[in-house]
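One structure below.
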There are 2 protein chains.
Amino acid sequence: MGKNGPTTRIQVKNRNAILDAGLDVFSQFGFRGSTLDQIAETAGLSKPNLLYYFPSKEAIHVELLESLLDTWLDPLRAMNPNGDAISEIKAYVNRKLEMAREFPRESRLFANEILQGAPRISGDLENGLKPLVDEKAKVIREWSAAGKIADVDPYHLIFSIWAMTQHYADFDVQVRTVLANDDPFPGAEAYLNQLFTKLLTP
Amino acid sequence: MGKNGPTTRIQVKNRNAILDAGLDVFSQFGFRGSTLDQIAETAGLSKPNLLYYFPSKEAIHVELLESLLDTWLDPLRAMNPNGDAISEIKAYVNRKLEMAREFPRESRLFANEILQGAPRISGDLENGLKPLVDEKAKVIREWSAAGKIADVDPYHLIFSIWAMTQHYADFDVQVRTVLANDDPFPGAEAYLNQLFTKLLTP
DNA sequence: TTTTTGTTTTACCATTCGGTCAAACAAACG
DNA sequence: CGTTTGTTTGACCGAATGGTAAAACAAAAA
């Protein structure tokens, strides 16, 4: 690619194809388990052609992870301290569940990275995720203190939301095996709404 | 190894060392991301020596997974239909949480395999896990019908238990980052007891 | 002690890996 | 048209991969 001149249509198209292929492959096999040939073939390109757009395997992975973490935190950012406490938390749960349904590959990519010790994004966790969670935990604690929701540990509340929603993406194979291939999401939504209503109602 | 004659002490020791090393490595990098050299070095053996005890990389992985799934399901098997409903379910939660704390490598090995589509144990899920879950779901449904616990979807109840307990093993890095390296388990236990008490009390 | 059985090592092999290079090809522009 | 810029390919490289063969070594049985 010539310097950093204007981005051509071909560049946009191929970079997107590569990132999409990378998401496919990395989310299934993790970083070390994925090969450039696999990504190139999925993207419909030759391996040298792929390396014309990205300098290395790691560069693709990093770009995917960084753009992902941002999107992934959006629903938490959207939690409004001035809104109705229970509705805000339940809306967060539902948005996260929807993301698990719509973007399972992203969820699995993230899960793979964390499972393997987050070697490539531990910095982003520290600088991006942690401060945001701290901020929202404070909001939740204030809601508890004000009697708007039950007294719950805000950190573990957030962990449980992550765990239960992402489970439907990350453990999809297991969930569908147990449910004989039924769509788990309608039932999950009902269950989670019931659970958080009971948990949070003061 | 000569035929299937008596197992020597050296065999027992080395096979255990290999399985332990395999657990270490596979749980961190997944099957494709792990190498025999890595496992051999962790076990303190040479690679050919390792292959004297196991015929292939896959054989180590399969043996780990199969013995794991059994152990993993023990707490669910232990759920007693004739016991006190709420206590039984909460005991299950606590046992699972304890396993996440005591055996995080096993949890991550399993998570890795499921994340990658369970290519090596989809059969065991179908024949081992599913029937057991079906059986226990029936028990839970009867508890609901008898008014002993609130009316909840038994399958999603079980999923949520798996998700929230295993989260502390599988997403350990993330959890500890958010909690500034505090031990998450005491807080997790309190939170989960609170959550399931509120959810299940009719 | 000799022989047998069990264990470990050294040297090796074919394949796949991430990545490079230079040349061929296509598009746009003058 | 010709030239410049951007894109794609085929051939290749060194390192790492899963796995093998055979011989050296150790332990125990005879």
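Worth knowing before you read on, the calculation uses all heavy atoms, side chains too, and leaves out hydrogens, waters and symmetry mates.
Here the C1' atom of nucleotide C:dT9 and the CG atom of B:Asn14 are 14 Å apart, to the nearest Å. Atom P of nucleotide C:dG18 and atom CD1 of A:Ile39 are separated by 8 Å, given to the nearest angstrom. The OH atom of B:Tyr53 sits 10 Å away from the P atom of C:dT9 (whole-angstrom rounding). B:Phe54 places its CZ atom 13 Å from the P atom of C:dT7, with the value rounded to the nearest Å. Between B:Arg15 atom CZ and C:dG6 atom P the separation is 15 Å, expressed in whole Å. To the nearest angstrom, C1' of C:dT16 lies 15 Å from CZ of A:Phe29.
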From CA spacing to verdict: side-chain hydrogen bond (donor to acceptor under 3.5 Å, both in side chains), B:Asp134, B:Tyr155: CA-CA 8 Å; B:Asp134 283 337; B:Tyr155 289 99; 2.5 Å; yes

side-chain contact (heavy atoms from CB on, under 4.5 Å) between A:Phe171 and B:Leu115, intermediate numbers included: CA-CA 6 Å; A:Phe171 289 73; B:Leu115 253 182; 6.0 Å; no

If you look only at distance, which donor and acceptor atoms sit under 3.5 Å apart when one is on a side chain in residues 82-89 of chain A and the other is two or more places apart or in another chain?
residue: A:Asp84; atom: OD2; partner: A:Ser87; partner atom: N; Å: 3.1
residue: A:Asp84; atom: OD2; partner: A:Ser87; partner atom: OG; Å: 2.5
residue: A:Glu88; atom: OE1; partner: A:Asn80; partner atom: N; Å: 2.8

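Taking only side-chain nitrogens and oxygens, A:Gln11 never comes nearer than 4.0 Å to OP1 or OP2 of D:dG6. Contact annotation: B:Asn49 side-chain N/O to C:dT9 OP1/OP2 distance is under 4.0 Å. The phosphate of D:dT9 (OP1 or OP2) has no side-chain N or O of A:Tyr52 nearer than 4.0 angstrom. The phosphate of C:dT9 (OP1 or OP2) has a side-chain N or O of B:Ser46 nearer than 4.0 angstrom.
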Reading 5' to 3' through nucleotides 16-30 of chain D, protein heavy-atom contacts under 4.0 Å coded B for base, S for sugar-phosphate only, - for none: -SBBBB---------

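Remark: the backbone N or O of A:Ser34 is paired with a side-chain donor or acceptor of A:Lys57 at under 3.5 angstrom.
For A:Ser107, the side-chain contact (heavy atoms from CB on, under 4.5 Å) test picks out A:Trp72, A:Gln166, A:Ala169, A:Asp170, with sequence neighbours left out.
A:Arg108 approaches A:Ser27 most closely through the heavy-atom pair CB-O, 3.7 Å.
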